[in-house]
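Contents: one structure, followed by commentary.
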Amino acid sequence: MNALKALIQRYQLASVLLLTLLLAVVLPLSLDIFRLNLVGKYLTYAFVAIGLVMLWGYGGVLSLGQGVFFGLGGYAMAMFLKLEASDPESTKIQSTPGIPDFMDWNQLTELPSFWLPFKSLPFSLAAVIVVPTLLAWIVSFAMFKRRVGGVYFAIITQAVALILTVLIIGQQGYTGGVNGMTDLKTLLGWDTRTDSAKYILYYVCVALLVASILLCRWIQTSKLGTLLLAMRDKEDRVRFSGYDVANFRIFAFCLAAALSGIGGAMFTLQVGFMSPSFVGIVPSIEMVIFAAVGGRMSLVGAVYGALLVNAGKTLFSENFPDAWLFLMAALFIGVTMFFPMGLAGVWSDKIVPWWNARRAQRTATPTPVAPVASKASASEAAHADPAPLPTGITGQSA
């Protein structure tokens, strides 16, 4: 028991346990399947947010192109699902049965060679992580080895997001174009549109998210996490100590890309489509806002930030369709101005000190003071007759 308590304190797992309880018990019991599916969609963005905590909060590198890796992971999963939905029996009305419908519309007569490996689920699952990580390694190696960082790196990641968006839209016959890949219904014959499937996919998403948080928390408490913080604050000192700063930044960028790819794959499974609208500059900036609202130094705070911003977007758009963009802008500006460290900063700087002070006030009990006798009472007590002794002691009978 003491070992478990020490483990929780060392890795600060109390907030993770509370988040797990909220996501795995409270929300499924209090929300209907439609709203719970929306929460599952929001949680896919949380993968990107916790990756940005490691990259931006701990590594000091701001990326404005994380939508690229989210989209690559989503497209890798969508390609497998689309091939499964494009079997010859389901596409027999097409000019060329057995290929996705958008390829038939664009007059392709056979499946492109780079699509063939995505008929395998293990390959597709590996591609969800490997493809985003490989692109992140190429971009970061080229930039960080030349000591390109700061605002220049942020602009470069925006350019990558724009290039990939144009590429996906332009290659409509191979990617589905601006409409993306739709009508994704089954996974190995399992209908993902049923209520039971939505519950299962939601819990899979929660489990992967909690595992990702624990992995990142372990990295933060290790020597690698300490070096990431030192690199962020005193880069030259870390370099003069003999460490290659570029390698640490490459690792942080690749880790964030891999987590984003997992989020994109879970998004495709739960929502049932993937399009270039999740790859461009605007969604990438929104993903940074998730981390900023939750707290760029807090893994759990980033999850709450993703939930709050997306829930606010849904709430405002449903109830105030003409003004919801202004309300979202007010939310972002207000949080940035008044809570620069996000929700996690409010918790650690305001709520926790107030709660500790209140607990200390309750537990502090005043020392009881004995009543002081007056001089008259003391004099009367001194001259009073002594109490009679028991008969057995005096030797006299009653």
Side-chain angles (χ1 to χ4, degrees), residues 16-52 66-67 69-78 80-81 124-125 128-129 180-188 190-216 258-275 277-279 283 286-287 289-291 293-294 299-318:
V16 180
L17 294 175
L18 182 61
L19 175 66
T20 305
L21 179 65
L22 172 67
L23 297 179
V25 179
V26 176
L27 292 182
L29 292 178
S30 58
L31 298 177
D32 56 55
I33 187 59
F34 173 75
R35 295 294 176 182
L36 189 66
N37 192 41
L38 282 180
V39 174
K41 173 186 171 183
Y42 304 157
L43 292 179
T44 62
Y45 299 128
F47 286 91
V48 188
I50 64 176
L52 282 168
Q66 292 304 105
F69 311 113
F70 183 86
L72 287 175
Y75 268 98
M77 179 56 66
F80 171 80
L81 298 177
S124 301
L125 294 177
V128 165
I129 299 176
M181 298 184 189
T182 59
D183 201 28
L184 309 177
K185 303 176 181 178
T186 60
L187 175 66
L188 296 178
W190 177 50
D191 191 350
T192 58
R193 298 170 299 173
T194 63
D195 290 350
S196 60
K198 291 178 180 178
Y199 275 112
I200 293 173
L201 289 174
Y202 172 80
Y203 278 107
V204 170
C205 185
V206 170
L208 289 174
L209 183 63
V210 172
S212 300
I213 293 174
L214 294 177
L215 172 63
C216 292
L259 293 174
S260 300
I262 296 173
M266 291 307 305
F267 178 91
T268 300
L269 285 170
Q270 293 186 91
V271 180
F273 76 96
M274 175 54 65
S275 74
S277 60
F278 301 101
V279 179
E286 287 184 350
M287 293 169 184
I289 293 174
F290 301 156
V293 170
L299 297 169
V300 175
V303 178
Y304 286 119
L307 290 173
L308 175 65
V309 173
N310 286 283
K313 184 186 296 185
T314 301
L315 178 65
F316 294 152
S317 61
E318 289 177 350

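Reckoned from all heavy atoms, side chains included, excluding hydrogens, waters and symmetry mates. All residue numbers in this chain count up from 1 along the given sequence.
Closest non-hydrogen pair, Met287 versus Val48, comes out as SD-CG1, 3.6 Å. Summarising the geometry of Ala24 relative to Tyr203, their closest heavy-atom pair is O-OH, 3.0 Å, with the distance given to 0.1 Å. Smallest separation of non-hydrogen atoms from Leu23 and Pro28: O-CD, 3.2 Å. Residues Gln270 and Gly40 share a closest heavy-atom pair of NE2-O, 3.2 Å. Here the closest non-hydrogen pair linking Gly180 and Tyr75 is CA-OH, 4.0 Å. Nearest heavy-atom pair across Leu184 and Thr268 is CD1-CG2, 3.6 Å.
Within the 4.5 Å cutoff, the side chain of Leu269 has no heavy atoms near those of the Val204 side chain. The side-chain heavy atoms of Phe80 and Leu188, taken from C-beta on, include a pair separated by under 4.5 Å.
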**Request:** Kindly determine whether Ile213 and Leu19 satisfy side-chain contact (heavy atoms from CB on, under 4.5 Å), including the steps that lead there.
**Result:** CA-CA 11 Å; Ile213 293 174; Leu19 175 66; 3.8 Å; yes
**Item:** Residues Leu125, Met77; criterion side-chain contact (heavy atoms from CB on, under 4.5 Å); working and verdict
**Value:** CA-CA 7 Å; Leu125 294 177; Met77 179 56 66; 3.4 Å; yes
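Between Phe70 and Phe47, the distance separating the two ring centers is not shorter than 6.0 angstrom.
Considering Asn310, Val303, Leu27 as possible partners of Leu43, the one that fulfils the side-chain contact (heavy atoms from CB on, under 4.5 Å) test is Val303.
Atoms CG and CD, on Leu259 and Gln66 in that order, are 9.5 Å from each other to the nearest 0.5 Å. From Lys198, atom NZ reaches atom OG1 of Thr192 across 9.0 Å, with rounding to the nearest 0.5 Å. Note that the CG atom of Leu38 and the CG atom of Leu307 stand 11.5 Å from one another [nearest 0.5 Å]. Taking SG from Cys205 and CD1 from Ile200, the interatomic distance works out to 14.0 Å, rounded to the nearest 0.5 Å. Distance check, rounded to the nearest 0.5 Å: CE of Met266 to CG of Leu208 gives 6.0 Å. If you take CZ on Phe278 and OG1 on Thr44, they are separated by 8.5 Å, rounding to the nearest 0.5 Å.
A search for salt bridge (charged side-chain N to carboxylate O under 4.0 Å, His left out) contacts involving Asp183 returns Lys185, not counting sequence neighbours. Residues passing the salt bridge (charged side-chain N to carboxylate O under 4.0 Å, His left out) test with Asp191 are Arg193, sequence neighbours excluded. In this structure, the salt bridge (charged side-chain N to carboxylate O under 4.0 Å, His left out) partners of Lys313, at least two apart in sequence or on a different chain, are Glu286.
In this pair, Phe273 and Phe267 present their aromatic rings perpendicular. The plane angle is above 60°, beyond the 30 to 60° band.
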